[in-house]
Amino acid sequence: MNHPDGPKTATVHPTAPAGARPLLIAPSVLAADLTRLGEEVRGAEQAGADVIHLDVMDGVFVPNISFGPPVCAAVRAETRLPVWTHLMIQQPERYIDTFREAGSDQIVVHTEACVHLYRVLQQIRATGAHAGVALNPHTPLDSLLWVRDLLDSVLIMTVNPGFGGQSFLESTLPKIKAARDLVGPNVDIIVDGGIDERTARAVVAEGANALVAGTSVFRHTGGMVEGVRALRAAACAGALCG
Ligand code: DX5
Ligand code: ZN
C-alpha cells in the first residue's frame, strides 16, 4: 500500500498501533516567499520537514489560481524530500502524467472533481506515484469506501480549499477520526488548512499523521525551524512521535 522506502525522517510513537503511519510535517509552498522559492524549499528541508506540499489550483474547482507543472519541477530540483501534489483542479486526470513527470511522488485528487475516481487512482498508481483522495469539508467519506485498495493517503480539508491562512474548521475533527477508522493504520491521513501549534495536537489525537502547514511554517514569527519544531512538539503531545 505504501512506498517501500517511506519518508526520510518520520518517527512513530511507541504506543502507536502496529503499522501506524509516522508523523509527517508537510509545509505547503503556497505560503512560501515565491520570489525565493528554492531558498524556501531548502530551508523547509533543513528545518526538518518530511514532505513538501504543492497546492495546485485552477481557478475553477477553487476560486484561486496558484501554479502548475513548471513550479513542481522547480521544487523537485531543490529537495530530496517527497513532493506531494494536491490537485485542486477540475478533471485532474488530464494532468496526472504531467505532474508525475514534473517530479511528484504522490498525487492527491479531489473526489468532487472526479467522475471516475477509481480509474484516476489507477492512473496515478500506474505512473509509479502514490495516490491520494482529498475531500472538501462538506464531503462525506462514502466515496472512499470502494477505492480503499488504491489509497496511499486521504486528505481531509480542514478549511475551505483555495487559500492559505484560514482558520481551522473544528467541525472536521470527527471526520478525521471517521477517516482513520475507515482506512485503518496503513494509510496516511493528511490534514490541510489552519494546522498550527494549537490545532496539531487535536488532529493527531483524532488519527491524522500528515500535517500540511503553510502559514505556521513559512510565516512563523520565529522562523521555519521553530515552526516545524513547534508543530512536531504539539503533534507529539497528541501521541505520534518517538
Ligand atoms: C487551501 C490550501 C491551504 C494550504 C495550507 O486550499 O490547501 O490549506 O495548503 O494553508 P495554511 O497552513 O496557511 O492554512
Ligand atoms: Zn493542500
Side-chain angles (χ1 to χ4, degrees), residues 24-34 37 40-41 44 47 49-68 71-72 75 81-90 92 95 99 104-113 129-139 152-173 175-176 179 188-204 208-224 226-228 230-232 234-235:
L24 302 172
I25 305 294
S28 162
V29 300
L30 190 70
D33 176 350
L34 298 179
L37 183 57
E40 294 272 83
V41 168
D50 301 293
V51 168
I52 298 294
H53 185 89
L54 295 183
D55 283 310
V56 176
M57 303 176 185
D58 65 359
V60 178
F61 182 74
V62 290
N64 194 7
I65 297 175
S66 59
F67 38 67
V71 171
C72 180
V75 168
L81 293 180
V83 173
W84 291 2
T85 299
H86 175 194
L87 295 181
M88 288 168 270
I89 69 174
Q90 288 289 27
Y95 293 99
F99 275 102
S104 302
D105 296 287
Q106 174 160 251
I107 299 172
V108 180
V109 295
H110 270 263
T111 184
E112 305 91 348
H130 288 177
V133 176
L135 302 104
N136 289 332
H138 76 286
T139 304
D152 293 297
S153 69
V154 174
L155 187 150
I156 304 292
M157 283 306 305
T158 45
V159 295
N160 291 308
F163 301 91
Q166 299 179 79
S167 298
F168 177 81
L169 295 174
E170 302 283 341
S171 60
T172 60
L173 281 171
K175 187 177 179 182
I176 297 166
D188 286 318
I189 299 289
I190 307 169
V191 286
D192 187 350
I195 303 301
D196 57 22
E197 298 163 56
R198 187 185 64 80
T199 56
R201 178 173 185 166
V203 295
V204 164
N209 71 285
L211 311 184
V212 175
T215 306
S216 61
V217 170
F218 285 113
R219 298 181 188 178
H220 194 284
T221 49
M224 273 191 262
E226 178 51 23
V228 172
L231 264 183
R232 203 177 292 280

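One-based numbering along the sequence shown. Since the model is a prediction, treat every value here as computed from it, not as a measurement. Every number for a ligand or one of its atoms is a count from 1 in the order of the listing.
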Considering all heavy atoms, the nearest [X]-[Y] contact:
X	Y	answer
F61	Q90	CB-N, 3.7 Å
P82	D105	CA-OD2, 3.2 Å
A31	G214	CB-C, 3.3 Å
V191	A208	CG1-CB, 3.6 Å
D55	S28	OD2-OG, 2.6 Å

If you measure from each non-hydrogen atom of A213 to ligand 1, which part falls under 4.0 Å: side chain, backbone, both or neither?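 It is the backbone that gets close, since no side chain atom is under 4.0 Å.
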
Examine the proximity of ligand 1 to D55 and report which part, side chain or backbone, both or neither, has a heavy atom under 4.0 Å away. side chain

How far is [atom] from its nearest protein heavy atom, and which residue and atom name does that atom have?
atom	value
atom 5 (C) of ligand 1	D192 OD1, 3.6 Å
atom 10 (O) of ligand 1	G164 CA, 3.5 Å
atom 14 (O) of ligand 1	G194 N, 2.8 Å
atom 12 (O) of ligand 1	G214 N, 2.7 Å
atom 6 (O) of ligand 1	G162 N, 2.7 Å
atom 13 (O) of ligand 1	T215 OG1, 2.5 Å
atom 11 (P) of ligand 1	G165 N, 3.7 Å

Do H220 side-chain atoms and G222 backbone N/O form a donor-acceptor pair below 3.5 Å?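 Flag set: sc H220 to bb G222 pair under 3.5 Å.
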
Atom indices of ligand 1, in the order listed, that fall short of 4.0 Å to a heavy atom of [X]:
X	value
M88	6 (O), 7 (O)
G193	8 (O), 14 (O)
S28	4 (C), 9 (O)
V212	9 (O)

Would you say the side chain of [Y] lies within less than 4.5 Å of the side chain of [X], judging by non-hydrogen atoms?
X	Y	result
L135	I156	yes
F67	M57	no
V29	E40	no

Rounded to the nearest 0.5 Å, how far apart are CG of N64 and CG of L30? 7.0 Å

Apply the side chain to side chain contact (heavy atoms under 4.5 Å, CB included) test between V83 and each candidate in V41, I107, V75; give the one that qualifies.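 That would be V75; it is the only one of V41, I107, V75 passing the side chain to side chain contact (heavy atoms under 4.5 Å, CB included) with V83.
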
For I195, the option from V217, V203, I25, V204 that meets side chain to side chain contact (heavy atoms under 4.5 Å, CB included):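 Exactly one option meets the side chain to side chain contact (heavy atoms under 4.5 Å, CB included) with I195, and it is V203.
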
Can you give the donor-acceptor pairs under 3.5 Å from side chains of residues 159-166 to other protein atoms, not counting sequence neighbours?
{"unit_1": "Q166", "atom_1": "NE2", "unit_2": "N160", "atom_2": "O", "d": "2.7"}
{"unit_1": "Q166", "atom_1": "NE2", "unit_2": "F163", "atom_2": "O", "d": "2.8"}

M57 touching ligand 1 at heavy-atom level, < 4.0 angstrom: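 For ligand 1, residue contact (heavy atoms, under 4.0 Å) with M57 is present.
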
Sort by chain and number the protein N/O/S atoms found under 2.8 Å from the Zn ion (ligand 2). H53 NE2, D55 OD1, H86 ND1, D192 OD2

